[in-house]
**Student:** 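Would you mind keeping the following structure in view while I ask a few things?
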Amino acid sequence: MKITDVKIIVCSPGRNFVTVKIFTDEGLTGVGDATLNGREKAVVAYLQEHLAPLLIGRDPSRIEDIWQYFYKGAYWRRGPVTMAAIAGIDTALWDIKAKAANMPLYQLLGGASREKVLCYTHAQGTDIAEAVEAVGRRIEQGYKAIRVQVGIPGLPDVYGTGKKSVTNNAADDAFPHEETWSTSKYLRYVPELFKAVREAHGWDIELLHDSHHRLTPIEAARLGKDLEFARLFWLEDTVAAEYQEGFRLIRKHTTTPLAVGEVFNTIWDARLLMEEQLIDYIRTTTVHAGGVTAQRRIMDFASVYNVRTACHGAMDMSPICLGANLHLDLWVPNFGIQEYSGYLPEILDVFPSAWSLKDGYLHPGEAIGHGVEIDEKLAEKYPYQRAYLPVNRLEDGTLWHW
Ligand code: GCO
Ligand code: MG
């Protein structure tokens, strides 16, 4: 088999997605997600200008060699743009390999280790009462695990609670939306949230929370301690994780389980965290960690250190990424949980998917390949729109982590 063509498809059915589609001389095609929220066109240029031309005429079955060729062969390794571009290609190649083998991808990976994939979804409110109500609605929908975020009194809008946190189209506003942050207000309020949620909904539901990289290690240690009573499933991204040693301090002070890694793009970003067992869940995901090849390697490495998997699965990763993740999730022995924040109906129309959700569990389905396609005709109806993630400032104007 030979690769005959590579298409980079950009569409915006509610938000921007970058999709790689690889064509072969035997008629098999494969698709991969290469979306990098807010920096989509950088990945498009990387793919179009630098990688796609080097794929023509290659044997698509040589996935590992192609991965190494683009990773080591670039000399300039790692980074979100490079790894999302490699991921788009790698995921499409696994799709083709599984289709050629006439199997769902999870069978190629080693087969199912479980019947279904536990997922967590999001609930939020501008205040505690609203958040408690939102959790109730999610429980009614059958979810077993819920990430809860709340607005903080005195701050106009906060990550994960307002519309503006989702995206920001340049069509109506040329600059990213700016949020305001106060760590001390946040640290005082969040334990109140979880006290109220436990009082209203009891202990049978798994609860999670995301600090979105905003704390220092000692602040994270305090929050972890203050939330121990609520028995969280995890506390996510407490600190910006470039300084991995910071987790030693957090770990020393709290038994609240820790998750990190949605912005990591290689196994090296998580090496120390895993080797020293400083985290409980690794949040890397197929599209940002270099594809199925690299994500599988991270998952295996994690298993050595009792770290469980928890693929990032917000709406800014396309249904193709979720599909690929779900095959890994069904296989991986050290599975933890899969994030699922749901998709707008337009997105699901553009990306027909074999995966399904029932009673708080996902399943990748039995379609051959990874089971997600792109409707190119429909995608054309949703042209790219320049968009940014918000930025975040302290009350005195200092630029802070978002
Ligand atoms: C999560 C994430 C997302 C990110 C988003 C950035 O835990 O799902 O933190 O909400 O902010 O994916 O593009
Ligand atoms: Mg997160």
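Quantities reported herein were computed from a predicted structural model and do not represent experimental measurements. Indexing begins at 1, ligand by ligand and atom by atom, following the structure's order.
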**Student:** If the cut-off is 4.0 Å to any non-hydrogen atom of Asn37, which atoms of ligand 1 fall inside it?
**Tutor:** 13 (O)
**Student:** Test Tyr120 against every option in Tyr281, Phe233, Tyr143, Trp234 by the ring-ring contact (aromatic ring centres under 6.0 Å, His included) rule and name the one that passes.
**Tutor:**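 Among the candidates, only Trp234 passes.
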**Student:** With a distance cut-off below 6.0 Å to the six-membered ring centre and an angular limit of 45° from the axis, does Arg58 pair with Tyr69 as a cation-pi contact?
**Tutor:** yes
**Student:** Output the list of atoms in ligand 1 that are nearer than 4.0 Å to some heavy atom of Glu236, sorted by atom number.
**Tutor:** 7 (O)
**Student:** Are the charged groups of Arg251 and Glu276 less than 4.0 angstrom apart, N to O?
**Tutor:**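 Salt bridge absent between Arg251 and Glu276.
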**Student:** What are the two closest non-hydrogen atoms of Val287 and Cys321, and how far apart are they?
**Tutor:**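 In this case the closest contact between Val287 and Cys321 is CG1-SG, 3.5 Å.
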**Student:** Just do the salt bridge (charged side-chain N to carboxylate O under 4.0 Å, His left out) check on Asp95 and Lys99 with the steps written out, would you?
**Tutor:** CA-CA 6 Å; Asp95 194 22; Lys99 284 174 181 168; 3.4 Å; yes
**Student:** Within 45 degrees of the axis of the six-membered ring of Trp181 and under 6.0 Å from its centre: does Arg214 put its NZ or CZ there?
**Tutor:** yes
**Student:** Could you tell me whether Tyr340 approaches ligand 1 through its side chain, its backbone, both or neither, with non-hydrogen atoms closer than 4.0 Å?
**Tutor:** neither
**Student:** Is the side chain of His209 donor-acceptor paired with the backbone N or O of Val148 at a distance under 3.5 Å, no angle test?
**Tutor:**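 Side chain of His209 to backbone of Val148, a donor-acceptor pair under 3.5 Å: yes, one is there.
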**Student:** In the protein, what heavy atom is nearest to atom 12 (O) of ligand 1, and what distance, to one decimal place, separates them?
**Tutor:**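 Closest protein heavy atom to atom 12 (O) of ligand 1: Asp316 OD1, 2.8 Å.
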**Student:** Any N/O/S of Glu236 under 2.8 Å from the Mg ion (ligand 2)?
**Tutor:**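 Here the distance criterion (N, O or S atom, under 2.8 Å) is met by Glu236, so yes.
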**Student:** Evaluate whether atom CG of Asp396 has more than 12 neighbouring non-hydrogen atoms of other residues, nucleotides or ligands under 6.0 angstrom away.
**Tutor:**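 Check passes, neighbour count above 12.
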**Student:** Under 4.0 Å from any heavy atom of Arg283, which atoms of ligand 1 are there?
**Tutor:** 1 (C), 7 (O)
**Student:** OD2 (Asp210) to the Mg ion (ligand 2) to OE1 (Glu262): angle, nearest 10 degrees?
**Tutor:**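 Vertex at the Mg ion (ligand 2): approximately 180°.
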**Student:** Taking the six-membered ring of Tyr361 (Phe, Tyr or Trp), confirm whether the NZ or CZ of Lys144 is under 6.0 Å from its centre and within 45° of its axis.
**Tutor:**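 Negative - Lys144 is either too far from the ring of Tyr361 or too far off its axis.
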**Student:** Below the 3.5 angstrom mark, is there an N/O of Asp210, backbone or side chain, next to an N/O of ligand 1?
**Tutor:** yes
**Student:** Can you pull out the closest protein heavy atom to atom 9 (O) of ligand 1? Residue, atom name and distance to 0.1 Å, please.
**Tutor:** Glu262 OE2, 2.7 Å
**Student:** Please write down residue, atom name and distance for the protein heavy atom closest to atom 8 (O) of ligand 1.
**Tutor:** Glu339 OE2, 2.5 Å
**Student:** Is ligand 1 under 4.0 Å from a heavy atom in the side chain of Leu389, in the backbone, in both, or in neither?
**Tutor:**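 Within the 4.0 Å criterion, Leu389 contacts ligand 1 through side-chain atoms alone.
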**Student:** What are the atoms of ligand 1, with element, lying closer than 4.0 Å to any heavy atom of Trp402?
**Tutor:** 11 (O)
**Student:** Looking at Arg147, which atoms of ligand 1 are within less than 4.0 Å of one of its heavy atoms?
**Tutor:** 1 (C), 7 (O), 8 (O)
**Student:** Are the side chains of His401 and Asn392 in contact, using a 4.5 Å heavy-atom criterion?
**Tutor:**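 Side chain of Asn392 against side chain of His401, heavy atoms only: no contact under 4.5 Å found.
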**Student:** Backbone or side chain, does Glu339 get an N/O/S atom under 2.8 Å to the Mg ion (ligand 2)?
**Tutor:** no
**Student:** How far is atom 10 (O) of ligand 1 from its nearest protein heavy atom, and which residue and atom is that?
**Tutor:**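 Checked against all protein heavy atoms, atom 10 (O) of ligand 1 sits closest to Tyr159 OH, 2.6 Å.
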**Student:** Please state which protein non-hydrogen atom is closest to atom 11 (O) of ligand 1 and give its distance, to 0.1 Å?
**Tutor:** His212 NE2, 2.8 Å
